[in-house]
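On a predicted model such as this, the values are computed, not experimentally measured, just so you know. Residue numbering restarts at 1 for every chain, and letters A, B, ... go by the order of the sequence lines.
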There are 2 protein chains.
Amino acid sequence: MDKVTQIKSATLSDDLTQRLTAEIVKGVLPLGSKISEPELAKRYGVSRGPLREALVKLETLGLITRTANVGARVIDLNIDDLLDTYTLREAMEGMAARLASELISEQEVTELYKLLDEHQAHLDSNHDEHYANQYGNEDFHLRIIHASQNKKLIRVLTQDLYATIRMYRRYTADSRPDPRQALREHKAILDAIANREGDLAELLMRRHISRAANLLKKAMLQNSISQGNTGQ
Amino acid sequence: MDKVTQIKSATLSDDLTQRLTAEIVKGVLPLGSKISEPELAKRYGVSRGPLREALVKLETLGLITRTANVGARVIDLNIDDLLDTYTLREAMEGMAARLASELISEQEVTELYKLLDEHQAHLDSNHDEHYANQYGNEDFHLRIIHASQNKKLIRVLTQDLYATIRMYRRYTADSRPDPRQALREHKAILDAIANREGDLAELLMRRHISRAANLLKKAMLQNSISQGNTGQ
DNA sequence: CCTTCCAATATTGTCGACAATATATGGATA
DNA sequence: TATCCATATATTGTCGACAATATTGGAAGG
């Protein structure tokens, strides 16, 4: 491995957690592939100690599964898991939208409107729609989540769930939701939040996420993402 | 340490995770106390390797906090955290109740009614109210959660959140919710689920949990649980 | 008396080696 | 040829020791 790009972090274990997360999401470590501790340790130039600590963390993030005395595997995406994940996300982000309606500041609201305007401009100028949509989409959601000011909610969503969500989005990259429709929905959600209508904001956020889940589900059914078991 | 009660588990790390979780919830390891790796390792007769893996897990469970090159501390309970936790629980168990309304079998419904009848009998015979309520309360909630059939939801709730919830209940043991009121609410929730009224079930579950949170909050305000920083 | 700096100590982070378990190989038998 | 079992190999689990960092305690200076 020639990547000498040392990511500076306090501890090797944290480094590895970040790197491995990235590699799994990117697909460098294929879905369902076996993870060999000696091999990975050699590849990253570290001993197995910190590597194993990172693996424990990845397991709790739901990115790998571990079996005692057998080893770890990258998770395999499937529709049931996708739906479970998005249902959970629906509950949590719905709550986040409700809380945001109560707690968000006027300034944050203004910034969010500006953000959506930018997205609109991006779409109108028509360049790089995919990227703009993906990036903007996540940015919008993250801001709502943080506006909830609920530390537990923020942690579970941004740290645990979003890694999985990014994976599902990546592996269904071909058929993405219509960015203009998504933007309309974002606008409606933000309107509800700005008007301090918590019930409505929660409802709209839930529908928005539920709709995304359905699209991803269709994408998975078509693509039949059954490749990926390349790892011995 | 004279506890030779070897809990048989596949791996030392898993063993330690369970034991440490229990000790933290029980209060053997005081709130906010520093965790010394050498000391704990000696106490359990293991090396620091598996112990550290267990600590990584405990951190993700939210039972301890770790700082690089400094060490780990048992979490300290406070009202903000309590409210955050219960708000999250509200969102997730509310969703669980909704899903259960769609997915639960008639047999499971029957069993749940039987369970509530038993609780009623316990209360009427009036012995050991506290224990009966606590045990029965958690049992009821766990069954609803599992009836949701959502693996992600089940995992986060039963593994991540409930450890914290048990701690808050333990440290506010003095003033507990009225068991008869709780039972009435359980019955109403179950009725909604049995009638396949998902919206209502979710609403009632949320109120039920919100009410519990308020009671715990009051208890914390009165008791002012600021002791517990005994650990150097 | 308080503050600052430095050395001594203790704790955490990392490593390489050994033990325990699972997997792969290959031969014997039906 | 297929199946079963025993051996060999590889991988995971655990350990003790060393390196790096933080904490403690005391001396020097203001």
Side-chain angles (χ1 to χ4, degrees), chain A residues 1 3-21 24 29-30 32-61 63-75 229-232, chain B residues 1 3-21 24 29-30 32-61 63-75 229-232:
Chain A
M1 171 135 228
K3 277 224 170 182
V4 202
T5 331
Q6 276 289 13
I7 303 173
K8 212 49 215 155
S9 178
T11 172
L12 272 186
S13 172
D14 290 344
D15 249 26
L16 287 171
T17 305
Q18 284 185 249
R19 286 212 219 175
L20 287 174
T21 301
I24 290 177
L29 298 175
S33 64
K34 175 87 166 47
I35 289 179
S36 160
E37 292 184 7
E39 185 198 318
L40 268 193
K42 206 178 69 182
R43 191 159 125 208
Y44 285 110
V46 299
S47 81
R48 284 176 49 223
L51 173 61
R52 282 176 61 87
E53 291 180 16
L55 292 182
V56 171
K57 228 175 203 166
L58 288 188
E59 185 183 19
T60 68
L61 295 184
L63 292 179
I64 66 174
T65 58
R66 274 163 35 106
T67 317
N69 295 313
V70 174
R73 302 192 88 85
V74 179
I75 58 159
N229 294 23
T230 336
Q232 66 241 42
Chain B
M1 171 140 227
K3 276 223 171 184
V4 203
T5 332
Q6 276 288 13
I7 303 172
K8 213 48 213 153
S9 178
T11 172
L12 272 184
S13 172
D14 290 344
D15 249 26
L16 287 171
T17 306
Q18 284 184 249
R19 288 210 218 176
L20 287 173
T21 301
I24 290 176
L29 298 175
S33 63
K34 176 88 165 48
I35 290 180
S36 160
E37 293 184 8
E39 185 197 319
L40 268 192
K42 206 178 69 181
R43 191 158 125 209
Y44 286 109
V46 299
S47 83
R48 283 176 50 224
L51 173 62
R52 282 175 62 87
E53 292 181 15
L55 291 182
V56 171
K57 227 173 203 167
L58 287 188
E59 186 184 17
T60 67
L61 295 184
L63 292 179
I64 67 173
T65 58
R66 274 161 38 104
T67 316
N69 294 312
V70 173
R73 300 193 89 84
V74 179
I75 58 159
N229 294 24
T230 335
Q232 64 243 43

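Between the R73(A) side chain and the G32(A) main chain, a donor and an acceptor come within less than 3.5 Å of each other.
Rounded to whole Å, the distance from CG on D15(B) to C1' on dT14(D) is 13 Å. In this structure, CG of L51(B) is placed 15 Å from P of dT14(C), rounded to the nearest angstrom. For the pair R66(A) CZ and dT11(D) C1', the computed distance is 13 Å after rounding to whole Å. If you take CZ of R52(A) and C1' of dG13(C), they are 16 Å apart, rounded to a whole angstrom. Going from atom CD of E53(B) over to atom C1' of dT14(D) covers 9 Å, rounded to whole Å. Look at NZ on K42(B): it is 14 Å from P on dT12(C), rounded to the nearest Å. Atoms CD1 (I35(B)) and C1' (dT12(C)) sit 14 Å apart, rounded to a whole Å.
One distance of note links CG of L40(A) with CG of L20(A); it measures 6.0 Å at 0.5 Å rounding. Atoms CZ and CZ, on R66(A) and R52(A) in that order, are 5.5 Å from each other to the nearest 0.5 Å.
L55(A) has its side chain within reach of E37(A): a pair of non-hydrogen atoms, C-beta onward, lies under 4.5 Å apart.
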Going 5' to 3' through nucleotides 15-22 of chain C and flagging B where a protein heavy-atom sits under 4.0 Å of the base, S where only the sugar-phosphate is that close, and - otherwise, we get B-----SS
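In this structure N69(B) satisfies the side-chain contact (heavy atoms from CB on, under 4.5 Å) test with no other residue, sequence neighbours excluded. Remark: I75(A) engages T65(A), L77(A), M167(A) in a side-chain contact (heavy atoms from CB on, under 4.5 Å) (not counting sequence neighbours).
At the phosphate of dA10(C), neither OP1 nor OP2 sits under 4.0 Å from any side-chain N or O atom of S36(B). Between T11(B) and dT14(D), a side-chain N or O to OP1/OP2 separation shorter than 4.0 Å is present. A close approach under 4.0 Å does occur between a side-chain nitrogen or oxygen of K34(B) and OP1 or OP2 of dT12(C).
Heavy atoms of L16(B) sit nowhere under 4.0 angstrom from any nucleic acid atom.
Among all heavy-atom pairs drawn from L58(B) and T17(B), the shortest one is CD2-O, 4.0 Å.
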